[in-house]
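To start, the structure itself, in structure tokens.
Along the sequence shown, residues are numbered consecutively beginning with 1. Atoms considered below: every heavy atom in the structure, side chains included; atoms not considered: hydrogens, waters and symmetry mates.
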Amino acid sequence: MAKNKPEGYLSAKESRRISKENRRITNQYEKERKRKKVPESEYMTTMHDPNNAVEFDNLHTYFFTDAGTVKSVDGVTFEVPIGKTVGVVGESGCGKSVTSLSLMQLIQRPQGQIVEGEIRLNIGDNKAYNIAKTPNEKMMNLRGNYVSMIFQEPMTSLNPVFRIGEQLEEVIALHAGEGKDKEAFKQRTIELLKMVGIANSEGVYKMYPHELSGGMRQRVMIAMALACSPKIIIADEPTTALDVTIQAQILDLLRNLKNKINSSIMLITHDLGVIAEMADYVVVMYAGRVVEKGTVRDIFTNPSHPYTIGLMASKPVVGKQVDRLYSIPGKVPNPVNMPNYCYYKDRCEMCVEGCSGAYPEEISLSDTHKVSCYRFYEGKGEK
């Protein structure tokens, strides 16, 4: 780094060197990914636990930028059990959405790459795909049929120049349209719109996205995600752009539809209230890593990681009057230059002597509750 320059400064020469190195690395990954006729043995696997719909195992997803390598997801491990809802919570930039996009293989390439780890997707009959190694042509069959996504902002996810019916029919035709005619597509589309609580389904079928409210557009996005009855639904902050009343309706709808088609939900959100209401299990992420995970009861009755405790303290509580809500001090470390100790140490108000060491390993507080924190190293949990 140049002398007397602000932190993060890169000279033109250094930037060119990083760009050249990044092209070399990403070209290797792209060459591997673009191979034809990849043998099944490379991407077919078995689940560690057949009761899980998805297993993330030591997942690393990096972005190779001109400023350096951003480790957006840096060793994430957790499971989504069949028929359950797993809430993934954390502040902006902690890797929640990148984890879900890795499962969908929708990471922006060539800059974004899964560099290590496995994502095992259970397709039944004791078979599973390792999504990290699955070729594109196979992945196109898995998206929609086995795993689908409800995106954060419905207005940017729906095409403004096509009618609602056309956009839903395209999904059905692509994934489950073999042997069906246009009338069958229309019937299935209207059935889906009714399923998500749209009373005027015939009218909405002919409308454009701009003619619908935010809540109605989000219902259309949910209908699109459920078109082929997927095994797992990724809901990426599905209530962010909606008012509180509509949020409650959308959450009730998701809960009921999950039970109706026996799917699992991976719910990504900032809102701890949504997590408490919707989720069976909670995964707390910070700076690309899982810092705590457990059942909803574990996390809400016994939050153990200082970051989780800070998140709990920063939310308003009904019936409790405070002059000022708690705010976690400090800021997230630079993602291009992460420290070699606990990523939360510089913001932590509960540090102990061991915090100066390497990144803490995961500790089991109970069969379901795990945390990565030095405060629990001295005989209070098992490594």
How about [X] and [Y]: does a side-chain donor come under 3.5 Å of a side-chain acceptor?
X    : Y    : result
N256 : D252 : no
Y208 : E166 : no
S92  : H270 : yes
Y341 : D346 : yes
T45  : N130 : no
D66  : S15  : no
T368 : D298 : yes

All side-chain contact (heavy atoms from CB on, under 4.5 Å) counterparts of L158, not counting sequence neighbours: I164, Q167, P209, R217, V220, M221, M224
Side-chain ion pair, [X] and [Y], N-O less than 4.0 Å:
X    : Y    : value
K194 : E191 : no
E42  : R35  : yes
E14  : R17  : yes
R24  : E21  : yes

Side chain proximity check, [X] to [Y], heavy atoms < 4.5 angstrom:
X    : Y    : result
I172 : L192 : yes
E292 : Y286 : no
I299 : H369 : yes
F376 : K370 : no
E353 : Y374 : no
I234 : V147 : yes
V204 : R219 : no
S264 : K84  : no

Trace of the side chain to side chain contact (heavy atoms under 4.5 Å, CB included) decision for F56 with T77: CA-CA 5 Å; F56 294 90; T77 300; 5.8 Å; no
For [X], does the [atom1] atom have more than 12 heavy-atom neighbours from other residues, nucleotides or ligands under 6.0 Å away?
X    : atom1 : result
M140 : CE    : no
K258 : NZ    : yes
F162 : CZ    : no
D367 : CG    : no
N259 : CG    : yes
E183 : CD    : no
E170 : CD    : no
R109 : CZ    : yes

Which atom of [X] lies closest to which atom of [Y], heavy atoms considered:
X    : Y    : value
M285 : V88  : SD-CG1, 3.7 Å
P50  : I82  : O-CD1, 3.5 Å
T269 : E237 : CA-CG, 3.9 Å
A235 : L254 : CB-CD1, 4.4 Å
A313 : Y326 : O-CB, 3.6 Å
L365 : S304 : CD1-OG, 3.2 Å

Using modelled atom types only, decide if a donor and an acceptor are shared between the side chain of [X] and the backbone of [Y] within a distance under 3.5 Å.
X    : Y    : value
D236 : Q152 : no
N122 : G124 : yes
K96  : G90  : yes
E55  : M47  : no
R188 : A227 : yes
R143 : M104 : yes
Y377 : E361 : yes

Pairwise distance [atom1]([X]) to [atom2]([Y]) - rounded to 0.5 angstrom:
X    : Y    : atom1 : atom2 : answer
E211 : K206 : CD    : NZ    : 12.0 Å
M338 : K71  : CE    : NZ    : 9.0 Å
I246 : L251 : CD1   : CG    : 11.5 Å
D271 : E277 : CG    : CD    : 9.5 Å
Q28  : R23  : CD    : CZ    : 13.5 Å
K315 : I275 : NZ    : CD1   : 12.0 Å

From CA spacing to verdict: side chain to side chain contact (heavy atoms under 4.5 Å, CB included), D49, E79: CA-CA 9 Å; D49 183 350; E79 302 80 32; over 6 Å; no
Linking I/L/V/M/F/W/Y whenever any side-chain heavy atoms sit under 4.5 Å apart, do [X] and [Y] land together?
X    : Y    : result
V290 : V73  : yes
M195 : I150 : yes
M149 : V283 : yes
V98  : V336 : yes
M266 : I123 : yes

Residue that, paired with S102, satisfies side chain to side chain contact (heavy atoms under 4.5 Å, CB included) out of I131, V76, I114: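 In the set I131, V76, I114, the residue that makes a side chain to side chain contact (heavy atoms under 4.5 Å, CB included) with S102 is I114.
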Mutual orientation of the aromatic rings belonging to H60 and Y62 [parallel < 30°, tilted 30-60°, perpendicular > 60°]: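 H60 and Y62: perpendicular rings.
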Whether Y43 and Y129 hold their rings parallel, tilted or perpendicular, with breakpoints at 30° and 60°: parallel
Residues C355, V352; criterion side chain to side chain contact (heavy atoms under 4.5 Å, CB included); working and verdict: CA-CA 6 Å; C355 292; V352 294; 3.8 Å; yes
